[in-house]
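Step one of this worksheet: look at the structure below.
Protein chains get the first letters and strands the later ones, always in sequence-line order, with residue 1 at the start of each.
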Amino acid sequence: MTKNLVIVESPAKAKTIEKFLGKDFTVKSCFGHIRDLAKGDAAIDVANNFKPSYEVSEDKKAIVAELKKLSKDAEMVWLASDEDREGEAISWHLSEVLKLDEAKTKRIVFHEITKPAILKAIENPRHIDHNLVDAQQARRVLDRLVGFELSPVLWKKVKANLSAGRVQSVAVKLIVDREREINQFHSQSAFRILASFNVGGKTMEAELGKRFDTEEEAYQFLEKCKSASFTIKQLEVKPTEKSPAAPFTTSTLQQEASRKLGYGVSTTMSIAQKLYEHGHITYMRTDSVNLSELAINAAKNHIINNFGESYSRPMRYSTKNESAQEAHEAIRPTYFENQDIDGTPQEKRLYDLIYKRAIASQMSKAKIEKTIAQIEISGLSEMLLATGEVLKFDGFLKVYLESTDDESEDDNSKMLPPLSVGEELNFIQMEAVQRFTRPSARYTEASLVKKMEELGIGRPSTYAPTISTIQKRGYVSKEDREGKDRQFVQLVLEKSTINKSVKTEKFGTEKSKLFPSDIGMLVTDFLNKHFDQIMDFGFTASVESEFDKIANGQLKWNKMIEKFYGPFHVEVTKTSETAERQNAERQLGLDPESGLPVFVRVGRFGPFAQIGESKEDAKEKPKYASLRAGQLIETITLEEALDLFKLPRIIGVFEEKEIKAAIGRFGPYLVHNSKFISIPKTDDVFEINLARSIELIENKRVSDANKLIKSFPEDESVKILNGRWGPYIGRGKDNFKIPKTEKVEDLTFEKVMAIIEKDSKPTKAAAAKKEVEISKVAKPAAKKSAAKKTAAKKTSAKKRAKK
DNA sequence: CAGTGAGCGAGCTTCCGCTTGACTT
């Protein structure tokens with residue numbers, strides 16, 4: 001029998017708190033929300049003041065039963081969910097579902113998991129704040145209404161299985177807007193002038209304060225410099241300071257992990273989750289930059305002991321973000337004395353990042369001396385500038401430097417050699433280089449999170465899931481793009497002669513960037529046209545301020561919803577009844593061969609190009625070809641579209657069978673005698689000839705022959721093969737891993753069969769997968785939904801794709 | 001590693017936020 005039952009949201013938190021509270025307290029976790037709106041459209045009774053009906057989620061039934069039992073026996077139940085809107089609602093749902101007696105229930109809050117904070121909370125209990133709960137209900141109901149009214153309009157007017165919502169639709173819009181901005185961008189070039197001098201054996205670089213628009217102007221300038229002398233006109237020394245960044249929130253952690261470690265946002269979050277569960281870091285879903293008093297002192301001690309007094313600068317950070325709810329601390333190491341932890345390499349690296357960022361935030365500013373030298377060019381009014389930096393005191397830079405999103409062209413953190421005013425410089429050379437302006441960068445997952453946070457859209461717990469959702473729906477995809485070549489002009493003045501050269505550089509290379517799809521653009525345009533209120537970047541902010549009024553008791557939650565829903569629902573009905581289907585058909589021009597028009601549009605199976613119109617009386621049916629990955633209806637050219645019809649291409653006959661070239665899901669390939677051979681990047685599918693194709697086929701045969709390590713007379717279908725990741729066992733279409741304990745050369749048929757036997761034991765997952773397969777056969781219509789709901793879907797889909 | 005793109009109509013999809021596992025390679 002428990003005297004006191006404390007309920008928190010997270011099990012890791014429960015474990016820690018239990019230690020602080022002693023044996024009279026049992027601490028349990030409810031694992032977040034225990035109830036939610038019922039599944040269907042009936043969950044909100046619009047006619048009855050939007051009365052919501054809630055259901056205990058299937059996966060929470062067990063925990064709810066356990067809590068019910070424990071709470072019945074307890075003398076006092078302490079509801080200790082987070083101190084924000086959602087947390088308050090969790091406490092309220094608990095009290096409702098567990099049927100808690102108000103006299104035996106106390107609500108407590110703390111935003112740091114430290115012993116003094118917990119004990120203080122216990123001493124200052126309160127009751128559930130029903131206004132705050134109502135604000136959460138308003139948020140929940142609004143999101144359901146928006147999502148479940150808009151999505152069906154999309155099914156009707158655009159395509160089935162699409163979705164729209166307050167958060168996701170705006171996230172997609174950000175990406176679509178950025179893509180269009182980039183497509184409409186016209187790059188301009190200007191000539192940048194750089195000079196280098198020899199100062200006491202060291203090379204010093206200086207740049208002209210202006211750039212020249214044309215090559216001619218740049219050339220004229222170099223011409224004038226041919227016989228000029230260069231003198232130091234002025235030296236300016238400016239002391240500056242650099243401050244450390246605040247400790248991590250979810251959003252800034254995701255950004256830095258992306259920039260410094262190359263992790264996607266969901267990777268970062270799952271590694272952080274592990275660190276949290278092992279007690280290495282504080283809670284990872286937070287919007288607060290605040291550190292507990294305890295942490296600030298611990299950091300201070302650590303810094304003084306390891307770096308000295310002068311490096312310590314205890315600092316309280318406050319958030320600039322209005323939408324922040326600050327229920328937790330910033331993300332920091334639990335113990336500053338642990339500079340390293342045990343764990344996977346990924347965990348170690350992320351911990352290191354979190355550790356350094358937190359420590360640095362409590363360290364002194366760096367002191368930097370910036371020197372600017374103005375260099376006079378005899379006979380000219382323009383000046384050259386050389387800048388240099390000297391680090392006078394490293395401060396926090398000893399451990400951590402925040403990185404930025406834009407890859408700037410030069411770093412001017414170089415030191416300047418000793419200089420004096422009036423000194424004449426030893427000229428080495430001067431060059432004029434053509435530089436191009438660049439459009440705004442495409443979003444990475446992390447920079448999209450940053451933007452969403454700025455707009456107050458989404459929460460720390462939803463950034464990563466939202467980004468997965470918009471990719472799953474096919475609105476956007478994370479892709480790499482190869483850059484294109486561009487020529488630029490370089491003029492070099494050296495030893496009184498000017499030499500011109502034309503060089504090549506790559507531009508537009510993209511790595512793990514978010515690109516919109518045609519469907520993403522279509523849906524965004526449709527929603528923009530008919531639901532501009534929801535698509536407004538300020539919509540969330542404006543409803544948030546209403547939620548605040550509800551929380552303060554100034555506004556009734558269902559009044560707020562009513563005011564929004566009235567006009568919104570009218571718009572939904574009107575659009576659903578009268579709006580035209582959204583498509584983005586574009587005529588690109590005429591096919592020079594047939595003279596027929598060439599179109600691109602979205603069809604049942606995705607975007608495609610079409611030659612000729614689909615008329616009933618037309619003697620010839622139009623020709624169709626799917627667009628390739630990376631091609632958009634909005635930007636594809638006539639030439640690119642016509643290329644799509646050049647494949648598949650019959651190259652010729654080899655060993656009495658045709659060789660065909662085409663482009664598939666994995667890129668360009670040849671097919672010969674129903675065998676597939678990838679065409680390497682060095683060859684062109686449109687140009688590849690018979691001789692080269694035969695060469696590729698023969699190469700493939702050699703490598704296939706090497707693939708076989710061992711076969712067994714006992715069973716022809718069982719083989720040991722050489723794969724991309726080393727040897728493996730294959731039987732028919734199934735592959736099996738060879739355990740590390742086995743040596744390949746010692747494998748007998750019996751041993752191999754034992755491995756196969758062990759591997760193919762029906763696990764729970766395999767059974768679940770089978771069920772999905774069966775339901776698919778039985779009810780083909782339910783295929784998609786059944787597959788989507790189960791975790792097994794991903795794997796079975798992958799398997800199918802492989803075959 | 002395809003090629004598909006007509007049309008009917010049944011039955012399906014869908015939101016955001018709070019939490020972890022339990023899967024797979």
Side-chain angles (χ1 to χ4, degrees), chain A residues 8-13 29-37 39-41 43 57 59-60 63 81-82 84-87 89-90 93 136 139-155 159-169 270 273 277 285 327 457-463 465-466 469 473 540 601-610 614 616 621-626 648 662-671 676-678 725 735 737 763-766 768-769 779 781-786 788-796 798-799 801-803:
Chain A
V8 296
E9 292 180 38
S10 146
K13 209 192 242 182
S29 143
C30 66
F31 296 85
H33 277 296
I34 52 155
R35 302 203 284 195
D36 190 16
L37 289 176
K39 278 200 184 69
D41 289 333
S57 339
D59 54 333
K60 297 287 163 59
I63 187 73
S81 50
D82 294 347
D84 58 13
R85 207 160 61 202
E86 299 296 329
I90 287 174
H93 282 302
Q136 193 273 346
R139 198 279 305 155
R140 183 66 192 92
V141 166
L142 178 106
D143 282 337
R144 168 60 70 84
L145 289 172
V146 169
F148 276 36
E149 297 227 349
L150 283 187
S151 300
V153 181
L154 294 181
W155 305 339
K159 219 180 122 188
N161 299 319
L162 296 177
S163 66
R166 174 177 59 83
V167 172
Q168 59 167 287
S169 296
S270 60
Q273 174 87 30
E277 283 168 11
R285 291 185 276 264
I457 295 164
R459 302 280 313 132
S461 66
T462 59
Y463 294 138
T466 300
T469 300
R473 296 268 176 277
T540 291
R601 63 192 171 95
V602 177
R604 277 200 292 160
F605 312 108
F608 68 101
Q610 173 182 344
S614 19
E616 283 156 41
K621 269 185 77 173
K623 286 197 284 179
Y624 304 103
S626 287
I663 295 182
R665 289 202 308 126
F666 309 130
Y669 66 93
L670 294 173
V671 64
F676 293 90
I677 301 108
S678 293
W725 298 288
N735 297 331
K737 220 161 96 185
T763 57
K764 254 188 256 164
K769 211 180 336 184
K779 291 183 286 176
K783 175 170 66 179
K784 268 181 206 149
S785 58
K788 229 174 225 170
K789 272 177 202 152
T790 58
K793 175 252 171 178
K794 248 171 99 185
T795 50
S796 63
K798 247 191 234 162
K799 271 226 164 124
K802 257 186 211 164
K803 282 172 191 172

Using side-chain heavy atoms (C-beta onward) and a distance below 4.5 Å, is A/S151 in contact with A/W155?
yes

Measure NZ/A/K159 against P/B/dG5 and give the value in whole Å, please.
16 Å

With a 4.0 Å cut-off on heavy atoms, is A/G40 in touch with a base, just the backbone sugar-phosphate, or nothing at all?
nothing

Treating A/K60 as the side-chain partner and A/R35 as the backbone partner, does any N or O pair qualify as donor plus acceptor under 3.5 Å?
no

Nearest whole angstrom, please: distance from the P of B/dT13 to the CG of A/D41.
10 Å

Could you state the CD-P distance from A/Q610 to B/dG5, rounded to the nearest angstrom?
11 Å

Heavy atoms of A/R166 and A/L142 approach each other most closely as CD-CD2, 4.1 Å

For nucleotides 15-20 of chain B, give me one character per nucleotide, 5' to 3': B if any protein heavy atom sits under 4.0 Å from the base, S if the only such contacts are to the sugar-phosphate, - if neither.
BBBBSS

Hunt down any stem DNA chain B takes part in, defined as 3 or more consecutive Watson-Crick or G-U pairs whose two distances are each under 3.5 Å.
none

In the structure I gave you, are the side-chain heavy atoms of A/F676 and A/S678 within less than 4.5 Å of one another anywhere?
no

Using centres under 5.5 Å plus planes under 30 degrees as the test, is A/Y669 stacked with B/dC1?
no

Any idea which heavy atoms bring A/S81 and A/I90 closest together, and the distance?
CB-CG2, 4.0 Å

Do A/S626 and B/dG3 have a side chain to base donor-acceptor pair shorter than 3.5 Å?
no

Between P of B/dC1 and CZ of A/F605, the distance in whole Å:
18 Å

Judged by atom type as modelled, is there a donor-acceptor pair below 3.5 Å linking the side chain of A/E9 to the main-chain atoms of A/D82?
yes

Atom of A/G458, atom of A/V167 and distance for their closest heavy-atom approach:
N-CG2, 3.9 Å

In whole Å, I'd like the distance from the CZ atom of A/R601 to the P atom of B/dT4.
14 Å

Compare the aromatic ring of A/F608 with the six-membered base ring of B/dG5 and state whether they stack according to the 5.5 Å and 30° rule.
yes

With heavy-atom distances below 4.5 Å as the criterion, would you say the side chains of A/R140 and A/D36 are in contact?
yes

Expected output: side-chain A/K13 to main-chain A/S29 donor-acceptor under 3.5 Å:
no

